[in-house]
Amino acid sequence: MLKFTFLGINGSLQEPEAGNTSLVIAGEEGSVAVDLSVNLWVAAAADIDGVILTHEHIDHVYGLPSLCHQLWIGGRERPLVIHLPSGMKELAEGLIDLFGIRAKSRMFDIRFLTEPKFRVGTMSFTLFPTDHTGHSVGLAAEEKGEKLVYTSDTRPITEIPDVMRGAGVLIHEASGVFREEEILIEKGHSSGADAGTLARELKVRKLYLCHLPVGKEAKREILCEARGVFEESDIPEILKENRVQEGA
């Protein structure tokens with residue numbers, strides 16, 4: 001049963017109740033953390049099998065050395081596999097080396113893999129390019145006929161990759177509303193309406209909005225806009241476990 005838990009839902013700016021967007025995806029066997037920022041204790045407690053980094057921006061990668069450090073303190077011995085776009089490997093290696101992680105006594109093996117298709121436990125993953133940076137990717141996670149798609153940061157997706165189709169749940173960034181579209185696109189982002197439009201075209205059961213701006217009113221406006229296009233839109237609750245099968 002494919003499950004996912006949000007560790008944060010905001011964009012670059014954090015709030016007391018909403019840190020940077022990141023999540024944990026788990027199957028019947030295996031789990032991964034997707035981007036690393038806040039609430040790393042959840043990933044450490046889950047003893048995750050791997051990490052997926054979607055792009056090089058600071059709010060998506062700064063937790064990498066801290067997670068490795070926490071896992072080491074917790075006594076981890078088995079390797080940690082970090083999946084990422086090929087253009088990000090040097091940055092990720094640099095973060096690990098900056099804090100001398102590999103030099104620690106009895107440090108577990110940290111491996112970097114750049115293949116776009118891979119398996120973790122009972123789940124299969126496919127990374128696909130997005131329109132945000134030169135290296136940015138989204139992901140599709142599948143297990144026994146269930147599929148979740150996470151876009152991470154991206155401009156509106158107009159040409160839909162085949163791998164996105166058939167998803168029960170879409171997790172899509174929404175950094176503003178449609179009247180801000182020109183600025184959003186310039187910065188590589190999408191609106192609530194863009195997210196709703198893609199969810200409607202994909203015929204998913206549920207849309208979750210993330211990479212949101214600070215402020216309850218701004219979030220409410222984005223959610224209202226998304227629901228105007230796709231009724232089954234929601235802002236996820238942080239640290240709540242969700243199941244793809246339930247479309248919830």
Side-chain angles (χ1 to χ4, degrees), residues 1-9 20-37 39-40 42-43 45-55 60-61 63-64 67 80-85 88 111-130 132 135-154 157 160-173 195 198-199 201-211 232-234 236-248:
M1 184 175 293
L2 202 55
K3 299 173 288 187
F4 56 102
T5 302
F6 284 87
L7 310 186
I9 59 171
N20 309 120
T21 294
S22 54
L23 60 154
V24 169
I25 300 174
E28 289 187 9
E29 297 178 16
S31 60
V32 298
V34 183
D35 293 331
L36 297 172
S37 52
N39 288 317
L40 294 175
V42 177
D47 195 25
I48 56 169
D49 297 284
V51 169
I52 300 173
L53 299 178
T54 62
H55 64 286
H60 294 259
V61 301
L64 176 59
L67 176 64
L80 179 68
V81 181
I82 301 170
H83 303 272
L84 72 180
M88 275 191 67
R111 303 172 184 172
F112 292 91
L113 295 179
T114 59
E115 290 80 3
K117 294 186 177 183
F118 52 91
R119 295 191 65 85
V120 177
T122 50
M123 301 176 289
S124 63
F125 289 86
T126 303
L127 306 183
F128 57 88
T130 58
H132 183 61
H135 305 306
S136 60
V137 296
L139 67 86
E142 300 182 65
E143 181 189 60
K144 296 183 178 179
E146 299 177 10
K147 181 186 284 191
L148 172 155
V149 167
Y150 170 53
T151 64
S152 189
D153 298 10
T154 185
I157 296 174
I160 301 174
D162 288 342
V163 70
M164 296 183 74
R165 299 192 183 277
V169 168
L170 173 65
I171 300 171
H172 198 295
E173 75 122 286
L198 183 59
E201 292 180 359
L202 289 174
K203 299 179 181 179
V204 299
R205 291 190 301 274
K206 190 78 172 183
L207 166 66
Y208 285 99
L209 304 170
C210 62
H211 204 270
E232 291 300 319
S233 302
D234 211 345
E237 181 180 337
I238 294 173
L239 303 184
K240 176 186 175 182
E241 182 178 87
N242 305 277
R243 298 182 179 183
V244 170
Q245 188 176 33
E246 298 171 352

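In this text the structure is predicted, and so the values were computed from the model without any measurement.
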Original post:
Do H132 and T151 pass the side chain to side chain contact (heavy atoms under 4.5 Å, CB included) test, and can you show the C-alpha distance, the side-chain angles, and the key distance before you say yes or no?
Top reply: CA-CA 10 Å; H132 183 61; T151 64; over 6 Å; no

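- Counting only heavy atoms from C-beta outward, the side chains of V24 and L7 approach each other to under 4.5 Å.
- Side-chain atoms of V149 and F128, non-hydrogen and from C-beta on, do get closer than 4.5 Å to each other.
- Under the side chain to side chain contact (heavy atoms under 4.5 Å, CB included) test applied with L53, the options H60, M88, H135 reduce to a single match, M88.
- Proximity of a side-chain donor or acceptor of T122 to a complementary backbone N or O of E29 within less than 3.5 Å is detected.
- Between the side chain of K117 and the backbone N or O of S124 there is no donor-acceptor pair closer than 3.5 Å.
- Within the 3.5 Å criterion, the main-chain N or O of S152 finds no donor-acceptor partner in the side chain of T54.
- Expressed to the nearest 0.5 Å, how far CZ of F125 lies from CD1 of I25 amounts to 5.0 Å.
- With R205 contributing its side chain and V244 its backbone, the two residues share a donor-acceptor pair below 3.5 Å.
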**OP:** Given side chain to side chain contact (heavy atoms under 4.5 Å, CB included), test T126 with L139 step by step and report yes or no.
**Re:** CA-CA 6 Å; T126 303; L139 67 86; over 6 Å; no

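- Residues satisfying the ring pair (Phe, Tyr, Trp, His ring centres under 6.0 Å) criterion with H83, sequence neighbours excluded, are F118.
- The only option from I171, L170, L202 that meets the side chain to side chain contact (heavy atoms under 4.5 Å, CB included) definition with L207 turns out to be L170.
- With rounding to the nearest 0.5 angstrom, the CD1 atom of I82 is 4.5 Å from the CG atom of L64.
- A heavy-atom distance below 4.5 Å is not found between the side chains of V61 and D35.
- Atoms CG and OG1, on L198 and T154 in that order, are 9.5 Å from each other to the nearest 0.5 Å.
- Judged by distance alone, with hydrogens and angles left aside, the side-chain atoms of D234 form no donor-acceptor pair with the main-chain N or O of K206 at under 3.5 Å.
- A search for salt bridge (charged side-chain N to carboxylate O under 4.0 Å, His left out) contacts involving K144 returns E28, not counting sequence neighbours.
- Side-chain atoms of I238 and I9, non-hydrogen and from C-beta on, do get closer than 4.5 Å to each other.
- To the nearest 0.5 Å, atom CG of residue L23 and atom CG of residue N39 are 12.0 Å apart.
- Ring to ring, F4 and Y150 are not that close: their centroids are 6.0 angstrom or more apart.
- With contacts defined as side-chain heavy-atom distances shorter than 4.5 Å, the pair L2/V169 does not qualify.
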